[in-house]
2 protein chains.
Amino acid sequence: MNAIRGARERARAEVTAAIKDEARRQLAEEGAARLSLRAVARELGMVSSALYRYFPSRDELLTALIIDAYDAIGSAAERALATVDRERPVDRWREVCRAARQWALARPHEYALIYGSPVPGYFAPEVTIAPASRVGLALVVVVRDARAAGLLREPADTAVPRAVAEDADRFTARLGLDLPAPVTAALVAAWAELFGLIGFEVFGQFNRLVEAREEFFDHAVTRLAEAVGLTDGDRKPTEPPPVL
Amino acid sequence: MNAIRGARERARAEVTAAIKDEARRQLAEEGAARLSLRAVARELGMVSSALYRYFPSRDELLTALIIDAYDAIGSAAERALATVDRERPVDRWREVCRAARQWALARPHEYALIYGSPVPGYFAPEVTIAPASRVGLALVVVVRDARAAGLLREPADTAVPRAVAEDADRFTARLGLDLPAPVTAALVAAWAELFGLIGFEVFGQFNRLVEAREEFFDHAVTRLAEAVGLTDGDRKPTEPPPVL
DNA sequence: CACGGAAGAGAGCACTGCTCTTGCTTTGCG
DNA sequence: CGCAAAGCAAGAGCAGTGCTCTCTTCCGTG
């Protein structure tokens with residue numbers, strides 16, 4: 001009976017996926033603002049009202065695409081995490097950053113959907129916050145593993161304001177980690193800053209300014225890694241990375 | 001005759017301004033996606049077609065708002081620049097960053113318009129690039145003045161990749177400046193990273209993560225200033241800023 | 001003062017998201 | 001095996017959108 005009922009649900013899942021695929025296609029061509037339910041339905045050979053069996057509104061469709069996008073960039077970051085030995089934190093950090101950047105450059109509209117302005121009437125329903133943090137968590141893992149391997153420079157000098165330290169400790173506690181507050185603060189900042197770099201490149205703010213995009217990005221995120229306190233031990237400093 | 005012809009043009013300018021004001025109002029309430037020409041016209045007591053005497057299309061209206069927004073945040077940054085003595089580069093840097101953040105937090109939708117996803121069918125007409133760089137230029141000024149005052153730590157150690165150095169030198173040359181390439185690279189990166197911090201806060205990515213927003217921001221941008229090489233000389237390090 | 005050009009009004013086109021009602025098909029239980 | 005129920009698509013229709021075109025008004029200008 002599960003298989004039979006499954007038949008219907010599978011059909012439903014297929015149509016749902018087809019709708020999302022087509023929507024994603026139109027998204028890539030026109031951008032979120034120009035995405036039209038009717039056009040999606042038309043392309044799929046159905047009538048617009050039929051679409052509402054699958055998505056209660058256009059905004060819900062967008063939300064679904066948003067979650068998918070967060071998951072996609074998140075898993076790209078996680079895959080990158082796995083490709084580099086945990087004993088080389090700076091390289092690993094850089095590779096995670098690169099994965100995020102590559103994903104963004106390949107799908108600027110999807111990137112805009114999740115890290116640009118919230119398109120419809122402001123939502124960000126709870127469902128999105130888990131997928132939204134996956135890239136950040138990948139960065140956390142890099143730092144956590146680095147610390148375990150003794151490759152995290154402890155910033156004895158720089159203190160952080162108390163309120164910031166409290167936030168930092170609350171954050172690490174929630175994750176069951178134990179990181180110095182200055183490191184956590186730098187990590188969160190670096191996370192946001194990473195998306196500043198990516199966003200400026202994707203949205204064209206670097207036009208006629210930065211030509212050597214990839215080199216610039218690699219260099220900048222390497223410095224971010226250093227700011228967090230990562231080090232590759234006594235290996236030759238950092239700069240020349242394995243160009244992928 | 002100029003004054004007489006001015007009569008008509010002044011009327012025109014007034015209506016144009018009224019349209020932009022009303023559009024900005026609706027923008028603040030509903031967001032760019034929901035901004036409607038007809039609604040603007042309705043509110044102003046005219047018919048929608050009349051609006052086209054002033055703006056050839058909805059997108060052109062948005063472009064006008066974009067330019068205004070760039071100018072507004074730019075001049076906020078420049079004003080901040082003037083409030084701090086040029087002999088205290090770190091404070092000055094922080095104040096410029098704060099001004100940008102304050103502006104953004106007060107007008108999230110306008111901020112989204114310029115630093116979020118490009119709403120309509122991708123433009124960024126040449127006209128926008130000058131106003132768009134004003135905040136960045138304010139940061140450049142901080143660094144330039146710091147160097148003049150001998151308050152810029154020269155990063156002897158960190159080298160930058162050649163392509164990055166070339167971009168950096170081209171940039172400084174165009175501005176008639178003379179900065180070490182690593183500084184310039186760090187400066188451009190910090191500029192992008194600043195808007196990563198602001199964007200994440202405005203767009204809610206820091207929700208349930210960073211509570212002490214202001215302290216966190218101040219701390220992060222102070223570290224950015226250090227990364228660029230700014231120092232306040234032998235004054236007490238940096239942290240406690242004049243809370244504004 | 002007469003008039004030309006700018007400004008507004010209105011109708012209308014093609015489109016949008018969304019709702020509601022009407023039938024058809026599939027499904028799972030008695 | 002048959003039938004009620006549930007799932008689904010279709011179509012018409014509503015209110016709204018951006019934008020165009022035509023017609024009229026009217027005011028600043030020479």
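To find a chain, count down the sequence lines: A is the first, B the second, and so on, and within it residues start at 1.
With distances taken from any side-chain atom of A:A50 to the nucleotides C:dT16, C:dG8, D:dA9, the minimum falls on D:dA9. Nearest nucleotide to the side chain of B:R53, out of C:dC18, C:dA7, D:dT20: C:dA7. Closest to the side chain of B:L37, from the set C:dG17, D:dC19, C:dA7, is D:dC19. Checked against D:dT17, D:dA10, C:dC18, the side chain of A:R58 finds its nearest nucleotide in C:dC18. Nearest to the side chain of B:Y52, among C:dA9, D:dG16, D:dC19, sits D:dC19.
Going from atom CG of A:L51 over to atom P of D:dC8 covers 13 Å, rounded to whole Å. What separates CD of B:E9 from P of C:dA6 is a distance of 11 Å, to the nearest Å.
Note on A:L35: only backbone sugar-phosphate atoms sit closer than 4.0 angstrom, heavy atoms only; bases stay farther off.
At the phosphate of D:dG18, neither OP1 nor OP2 sits under 4.0 Å from any side-chain N or O atom of A:R34. In this structure, A:S49 does not reach the D:dG11 phosphate: none of its side-chain N or O atoms is under 4.0 Å from OP1 or OP2. Of the side-chain N and O atoms in A:Y54, one or more sit less than 4.0 angstrom from OP1 or OP2 of D:dA9. Remark: A:S48 is not in phosphate contact with C:dG17, judged by side-chain N or O atoms under 4.0 Å from OP1 or OP2.
The aromatic rings of B:F216 and B:F206 sit perpendicular to each other, their planes meeting at more than 60°, with 30° as the lower class boundary. Between A:F195 and A:Y111, the ring-plane angle classifies as parallel under the 30° and 60° cut-offs.
Note: A:F200 and A:F217 fail the aromatic proximity criterion, with ring centroids not under 6.0 Å apart.
With respect to the salt-bridge test (charged N to carboxylate O, under 4.0 angstrom), the residues B:R12 and B:E9 do not qualify.
The base of D:dG16 has none of its N or O atoms less than 3.5 Å from a complementary donor or acceptor on the side chain of B:R38. The base of C:dA7 has none of its N or O atoms less than 3.5 Å from a complementary donor or acceptor on the side chain of B:R12.
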